[in-house]
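Notes to accompany the following structure.
Quick caveat, the model's predicted, so the values are computed rather than measured.
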Amino acid sequence: MAKADRLARLDDRRAEIETEYRALLVAALRRTAAGQWGLFGHNKDRAHAAKFAPVVLELTELGEAADHVR
């Protein structure tokens with residue numbers, strides 16, 4: 001039972017991480033769709049990239065955390 005409980009907690013944590021990731025990604029995509037560049041780094045404008053840097057970092061960390069839990 002301990003293993004099943006541990007796996008259930010890990011699965012719950014993974015679902016929480018993925019929900020948080022999805023919400024952050026949707027918000028970032030909406031900012032991009034509204035005309036704020038920088039999320040995907042398609043241009044070399046450092047000011048645009050700097051605006052999205054914290055979001056990109058958080059998305060990366062959440063993605064890595066979800067992968068680790070999987």
Side-chain angles (χ1 to χ4, degrees):
M1 284 306 264
K3 183 176 182 178
D5 290 339
R6 183 178 59 84
L7 290 176
R9 283 193 311 271
L10 281 173
D11 195 46
D12 289 344
R13 179 64 185 136
R14 179 199 47 79
E16 289 172 6
I17 292 169
E18 288 177 350
T19 299
E20 187 178 348
Y21 179 90
R22 191 173 299 112
L24 184 62
L25 179 60
V26 168
L29 290 171
R30 285 187 175 148
R31 281 176 52 192
T32 301
Q36 187 172 2
W37 290 74
L39 178 61
F40 299 106
H42 288 130
N43 58 10
K44 302 299 180 197
D45 188 334
R46 291 182 190 206
H48 288 283
K51 289 179 183 177
F52 270 106
V55 175
V56 171
L57 179 63
E58 189 172 357
L59 283 169
T60 302
E61 289 173 351
L62 286 171
E64 289 172 353
D67 283 344
H68 180 73
V69 171
R70 280 189 200 117

* OG1 on T19 to CG on L24, rounded to 0.5 Å -> 12.5 Å
* Rounded to the nearest 0.5 Å, how far does CD of E61 lie from CD of E20? -> 10.5 Å
* Determine which pairs satisfy side-chain hydrogen bond (donor to acceptor under 3.5 Å, both in side chains) with at least one residue from residues 25-40, sequence neighbours left out, and list them in order. => R31-Q36
* Asked: Any salt bridge between D11 and R14, counting N to O under 4.0 Å?
  -> yes
* Structure fact -> Correct closest heavy-atom pair for L39 and F52 would be N-CD1, 3.3 Å
* To do: Decide yes or no for F40 and L29: does some side-chain heavy atom of the first lie under 4.5 Å from some side-chain heavy atom of the second?
  => yes
* Over all atoms of both residues, closest heavy-atom pair of L59 and Y21 -> O-CE1, 3.2 Å
* Look up atom NZ in K51 and atom CZ in R46, then write down how far apart they are to the nearest 0.5 Å. => 16.0 Å
* salt bridge (Lys or Arg N to Asp or Glu O under 4.0 Å) between D12 and R9, worked out -> CA-CA 5 Å; D12 289 344; R9 283 193 311 271; over 6 Å; no
